[in-house]
Visitor: 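Can you read through this structure? Questions will come right after.
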Amino acid sequence: MAALRAAAMCDASGMADVETITDAGAALDRCGDLFRADPVGCNMVSTAVSPTADVEIVRVYEGADTLGVAVVAGGSCTLTTCSPESVAMMADVVSIEEPRGVTGPAGAVADLAGRLAEQADGAVVDPRLFRMYRAEHVVEPSKRRRGKVFVTESGRIDQATEWGVGFRRDTGLERSADDVMAQAAQAVNEHRLLEWRSKGEVVSQLFISAVRFGVVRIGLVYTPPEHRKKGHGAAFVAAVAQQQLDRQKVDTVVLNTRSENAATNRMYRALGFAAAFEMLSVQVVTA
């Protein structure tokens, strides 16, 4: 885990401070004002704050008001929307002794990554642009594919891992098989890995996040090549999104996809999802 250090500075509205929080319950409580004010924009950060996750939360605040939050986990840093002043404070706190991935709203990521690269005399590389979508209702696919959603059981972890590696390879966000297997195993244990079965065969899988402030995120949607272009992905996402919206504590379902992937962007819009904001993912490397 990267070393973090405290900092303070004045922004345009007065004296702002930054703190590091390692307790998930305390982080959700102290950052809750921002998470409630923008539950969609903060979802990738708020869902990373979990008692089972080894993370450090960097909170920029003024008085009782949270101005911006970053979650640091291993070699990654995920941001909420932040002002330039908040980003400057985060850059003084987040260590860049090794390559670090930075993900979040495009403007904040570009600002933080640039500052980190400058501090380390390094560079910002491998930029990828994503679009976050949101939906409060779902439109049935025009070509509805018959199938059913199931919660994945532990006996399918090997296949789920293989498909997870395939997803990462297709999107250019490759991770080791061991990391993907650990992610799949945790999702299975928490009943967050779902599968779509057609005629008794598993043909697609996806992950759902924990509910945070009325929002659930669908992610890592993967259909292997032999089952593509048959409508499974659209039917699966629509069914899962509707299941989640039918839950009393869920108001909104979100998901994201590569901005240049025309097919998935068209599919999600056809299902009733509207673009919420642009996300950027980059790597900051040291000299």
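This structure is a prediction, so every number in the text was calculated from the model and none was measured. One-based numbering along the sequence shown. Heavy atoms only: backbone and side chains are in, while hydrogens, waters and symmetry mates are out.
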Visitor: Quick one: does Asp111's side chain have a donor or acceptor within less than 3.5 Å of a partner on Gly107's backbone?
Guide: no

Visitor: Once side chain to side chain contact (heavy atoms under 4.5 Å, CB included) is applied, do any residues pair with Thr66, and if so which ones, sequence neighbours excluded?
Guide: Asp33, Leu34, Arg59, Val69

Visitor: Can you name the closest pair of heavy atoms from Val124 and Ala113 and give their distance?
Guide: CG2-O, 3.5 Å

Visitor: Can you sort out the partners of Asp38 under side chain to side chain donor-acceptor pair (under 3.5 Å), two or more places apart, ordered by chain and number?
Guide: none

Visitor: Between Val284 and Val125, is there shared hydrophobic-cluster membership here, with clusters defined by ILVMFWY side-chain heavy atoms closer than 4.5 Å?
Guide: no

Visitor: Rounded to the nearest 0.5 Å, how far does CG of Asp54 lie from CD of Glu56?
Guide: 7.5 Å

Visitor: If you define the side chain from C-beta out and look only at heavy atoms, does anything of Leu255 sit under 4.5 Å from Val221?
Guide: no

Visitor: What distance separates Ile57 CD1 from Arg30 CZ, expressed to the nearest 0.5 Å?
Guide: 9.5 Å

Visitor: If you define the side chain from C-beta out and look only at heavy atoms, does anything of Phe236 sit under 4.5 Å from Leu194?
Guide: yes

Visitor: Could you grab the distance from atom CG of Asn43 to atom OG1 of Thr80, nearest 0.5 Å is fine?
Guide: 12.0 Å

Visitor: Mind checking side chain to side chain donor-acceptor pair (under 3.5 Å) for Asp251 and listing every partner two or more places apart, or none if nothing turns up?
Guide: none

Visitor: Within the side chain of Gln244, is there an N or O that forms a donor-acceptor pair under 3.5 Å with the backbone of Val253?
Guide: no

Visitor: Are any of the side-chain heavy atoms of Val237 and Phe273 separated by less than 4.5 Å?
Guide: yes

Visitor: Do Cys82 and Val60 have side-chain heavy atoms sitting under 4.5 Å apart?
Guide: no

Visitor: Mind checking the CG-CD spacing from Asp92 to Gln119? Nearest 0.5 Å is all I need.
Guide: 6.0 Å

Visitor: For residues 182-189, tabulate all N or O donor-acceptor pairs below 3.5 Å that involve a side-chain atom, not counting sequence neighbours.
Guide:
residue : atom : partner : partner atom : Å
Gln186  : NE2  : Thr52   : OG1          : 3.3
Gln186  : NE2  : Glu190  : OE2          : 3.2
Asn189  : ND2  : Ala185  : O            : 3.2

Visitor: According to a hydrophobic-cluster definition based on side-chain heavy atoms being under 4.5 Å apart (Ile, Leu, Val, Met, Phe, Trp, Tyr only), do Leu116 and Met89 belong together?
Guide: yes

Visitor: Only pairs at least two apart or in different chains count here, so list each salt bridge (Lys or Arg N to Asp or Glu O under 4.0 Å) that has a residue in residues 268-287.
Guide: Arg131-Glu278

Visitor: With a 4.5 Å cut-off on side-chain heavy atoms, are Val18 and Met90 touching?
Guide: no

Visitor: Can you tell me if Glu153 has over 12 outside heavy atoms packed within less than 6.0 Å of its CD?
Guide: no

Visitor: Does any non-hydrogen side-chain atom of Leu220 lie less than 4.5 Å from one of Trp163?
Guide: no

Visitor: If you take all heavy atoms of Pro51 and Ala24, which pair is closest and at what distance?
Guide: N-CB, 3.7 Å

Visitor: What closest approach, in Å, do Gly233 and Met267 show between heavy atoms, and which atom pair accounts for it?
Guide: C-SD, 4.1 Å

Visitor: For the pair Asp178 and Met181, evaluate side chain to side chain contact (heavy atoms under 4.5 Å, CB included) and give the outcome as yes or no after the intermediate values.
Guide: CA-CA 5 Å; Asp178 287 344; Met181 179 173 283; 5.6 Å; no

Visitor: Do Leu28 and Ile21 belong together in a cluster built from hydrophobic side chains that touch within less than 4.5 Å?
Guide: yes

Visitor: Residues two or more places apart in sequence or in another chain: which of them pass side chain to side chain donor-acceptor pair (under 3.5 Å) with Glu136?
Guide: Arg134, Thr252

Visitor: Check whether Val180 and Ile157 end up in the same hydrophobic cluster, where Ile, Leu, Val, Met, Phe, Trp and Tyr are linked by side-chain heavy atoms less than 4.5 Å apart.
Guide: no

Visitor: If a pair satisfies ring pair (Phe, Tyr, Trp, His ring centres under 6.0 Å) and one of its residues is in residues 21-75, list it, with sequence neighbours excluded.
Guide: Phe35-Phe213

Visitor: To check you understand the geometry: which heavy-atom pair defines the closest contact between Ala239 and Val149, and what is its length?
Guide: CB-CG2, 3.8 Å

Visitor: If a pair satisfies salt bridge (Lys or Arg N to Asp or Glu O under 4.0 Å) and one of its residues is in residues 227-238, list it, with sequence neighbours excluded.
Guide: Asp170-Arg228

Visitor: What heavy-atom pair brings Ser86 and Leu67 nearest, and what distance separates the two atoms?
Guide: OG-CB, 3.5 Å

Visitor: Taking ring pair (Phe, Tyr, Trp, His ring centres under 6.0 Å) as the definition, give me every residue that meets it alongside Tyr268, ordered by chain and number, with sequence neighbours left out.
Guide: none

Visitor: Against Tyr133, only a single residue in Asn265, Thr264, Ile218, Leu271 fulfils side chain to side chain contact (heavy atoms under 4.5 Å, CB included); can you say which?
Guide: Asn265

Visitor: May I have the list of side-chain donor-acceptor pairs in residues 71-78 shorter than 3.5 Å, sequence neighbours left out?
Guide:
residue : atom : partner : partner atom : Å
Ser76   : OG   : Ala73   : O            : 2.9

Visitor: Which pairs would a plain distance check flag for residues 199-212, meaning a side-chain donor or acceptor within less than 3.5 Å of a matching protein atom at least two apart in sequence or in another chain?
Guide:
residue : atom : partner : partner atom : Å
Glu201  : OE2  : His227  : NE2          : 3.3
Ser204  : OG   : Tyr222  : O            : 3.0
Ser204  : OG   : Thr223  : OG1          : 2.8
Gln205  : OE1  : Arg156  : NH2          : 2.6
Gln205  : NE2  : Ala160  : O            : 3.2
Ser209  : OG   : Arg217  : N            : 2.9
Arg212  : NE   : Ser46   : O            : 3.0
Arg212  : NH2  : Val49   : O            : 2.9

Visitor: Is there a side-chain contact between Pro127 and Leu280 (heavy atoms, below 4.5 Å)?
Guide: yes

Visitor: Does the side chain of Met279 reach to within under 4.5 Å of the side chain of Val109, using non-hydrogen atoms?
Guide: no

Visitor: According to side chain to side chain donor-acceptor pair (under 3.5 Å), who are the partners of Asp23, at least two apart in sequence or on a separate chain?
Guide: none

